[in-house]
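For clarity, every value in this text was computed on a predicted model and none was experimentally measured. Both ligands and their constituent atoms are indexed starting at 1 by order of listing.
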Amino acid sequence: MTKSFPSPSSDAIRNDLLSLVKSVRGQVLDADRLYVAVDCKRPSPAPKIKSDGRDRAEAFHALSLEAAKCRQCPLAQTRKNVVFGAGSLSAQVVFVGEAPGADEDEQGLPFVGKAGQLLTNIITAMGLTRKEVYICNILKCRPPGNRTPLPEEIRLCEAFLKRQLSLIAPQIICALGSVAAKALLRTETPISALRGRFQLYEGIKLMPTYHPAYLLRNPSAKKQVWEDVQLIMKEIGPGGRS
Ligand code: URA
């Protein structure tokens with residue numbers, strides 16, 4: 001004779017389900033309390049690397065909105081606009097400068113002043129357009145009087161750039177000037193010693209070169225920048241994706 005176990009009553013099943021729901025709810029509430037307790041925001045979902053165009057555009061848009069309302073450091077009090085970046089989200093080459101200046105702060109766009117004009121000339125000489133590359137900065141807000149970014153400002157702003165680069169996943173990053181090269185490569189080596197050779201940033205080839213503003217003061221260094229960008233052009237080959 002087979003022994004049958006008493007089947008649980010529907011009340012017992014309902015009670016089991018209710019206590020399960022309550023305990024899960026408790027854990028979710030605890031997770032919320034944890035974020036409040038340590039005084040930090042819930043991190044946004046991790047970006048998809050090499051996401052398709054629409055995912056990437058959506059994630060980028062969400063990130064730019066986050067940056068637009070960022071008040072993590074005192075630069076938020078003096079900026080006119082957050083200068084997030086501009087260009088193609090599927091760019092092969094991303095140019096990273098130091099921080100917005102007065103013109104950029106006014107217009108909310110990177111490299112639109114005198115140094116920006118020179119950067120445009122460099123990009124054109126590479127056979128590309130500003131629309132085909134992506135241009136951004138280490139800092140998204142202008143330091144008052146264009147002073148050099150402070151290490152703490154770089155640290156607080158870094159997550160935005162990191163996510164921009166991971167979403168675009170370019171073939172090459174061109175670090176413009178000492179601040180960008182040192183921040184990305186976590187080095188104190190001078191730009192004069194870093195330039196001219198590819199370095200690696202999170203698996204992406206990075207070419208450090210002189211900042212266009214430096215070239216305005218030292219036109220003789222244009223020759224070296226031209227050598228550096230030629231190495232980039234060789235790397236991306238003719239007819240690169242945009
Ligand atoms: N210098 C920079 O480093 N970035 C800009 O956007 C403009 C000038």
Side-chain angles (χ1 to χ4, degrees), residues 60 63-64 67-68 70 73 75-76 78-89 91 93-126 128-165 168 170 172-187 190-192 194-195 199 201 206-219 221-222 224-225 228-229 232:
F60 228 84
L63 188 61
S64 70
C70 176
C73 82
L75 298 184
T78 48
R79 73 176 178 226
K80 286 187 181 154
N81 282 296
V82 170
V83 181
F84 186 64
S88 167
L89 304 191
V93 186
V94 173
F95 292 88
V96 182
E98 181 176 317
D103 295 316
E104 291 76 19
D105 185 40
E106 198 66 52
Q107 297 183 42
L109 290 168
F111 282 97
V112 287
K114 269 193 184 153
Q117 184 52 57
L118 187 45
L119 178 60
T120 305
N121 295 347
I122 294 168
I123 293 167
T124 309
M126 292 170 77
L128 296 166
T129 65
R130 278 180 72 117
K131 281 190 179 160
E132 288 172 317
V133 301
Y134 193 82
I135 306 172
C136 58
N137 284 301
I138 295 287
L139 293 192
K140 308 301 183 218
C141 297
R142 181 190 182 205
N146 297 347
R147 64 153 168 73
T148 303
L150 302 174
E152 182 64 356
E153 291 162 352
I154 294 177
R155 190 184 69 77
L156 289 168
C157 214
E158 191 174 35
F160 288 118
L161 178 60
K162 213 168 170 181
R163 285 166 66 192
Q164 283 175 302
L165 292 172
I168 297 175
I172 309 282
I173 297 166
C174 181
L176 299 167
S178 163
V179 169
K182 288 179 176 177
L184 288 166
L185 297 173
R186 302 210 184 290
T187 180
I191 185 73
S192 54
L194 289 171
R195 62 149 292 274
Q199 320 277 333
Y201 168 85
L206 182 150
M207 176 60 74
T209 195
Y210 293 123
H211 193 285
Y214 174 80
L215 297 183
L216 291 173
R217 299 188 302 270
N218 303 276
K222 283 184 187 171
Q224 285 149 305
V225 171
D228 299 344
V229 299
I232 296 177

Check: What do you reckon, does P100 have a nitrogen or oxygen under 3.5 Å from a nitrogen or oxygen of ligand 1?
Finding: no
Check: Which one of L161, L206, V179 satisfies the side chain to side chain contact (heavy atoms under 4.5 Å, CB included) criterion with V96?
Finding: L161
Checklist line | H211: numbered ligand 1 atoms lying under 4.0 Å from its heavy atoms | finding: 1 (N), 2 (C), 3 (O)
Check: Do the side chain of E153 and the main chain of L139 share a donor and acceptor less than 3.5 angstrom apart?
Finding: no
Check: For atom 4 (N) of ligand 1, what's the nearest protein heavy atom and its distance?
Finding: N137 OD1, 2.7 Å
Margin query: If you apply the rule side chain to side chain donor-acceptor pair (under 3.5 Å), what do you find for Q117 with N121, and how did you get there?
Written below: CA-CA 6 Å; Q117 184 52 57; N121 295 347; 3.2 Å; yes
Next item on the list: Looking only at protein heavy atoms, identify the closest one to atom 2 (C) of ligand 1 and say how far it is in Å.
Entry: A99 O, 3.1 Å
Notebook entry, point to check: Could you walk me through whether C136 and Q164 pass the side-chain contact (heavy atoms from CB on, under 4.5 Å) check?
Noted result: CA-CA 9 Å; C136 58; Q164 283 175 302; 4.0 Å; yes
Next item on the list: Inspect the surroundings of CZ in R147 and state if more than 12 heavy atoms from other residues, nucleotides or ligands are less than 6.0 Å away.
Entry: yes
Next item on the list: With heavy atoms of G97 as the reference, note each atom of ligand 1 found under 4.0 Å away.
Entry: 3 (O)
Margin query: At less than 4.0 angstrom from any non-hydrogen atom of P110, what atoms of ligand 1 do you find?
Written below: 6 (O)
Next item on the list: Record the part of E98 in heavy-atom contact with ligand 1 below 4.0 Å; permitted values are side chain, backbone, both and neither.
Entry: both
Note to self: Quick test of your reading of the model: are R155 and E152 salt-bridged, counting only N-O distances below 4.0 Å?
What the structure shows: yes
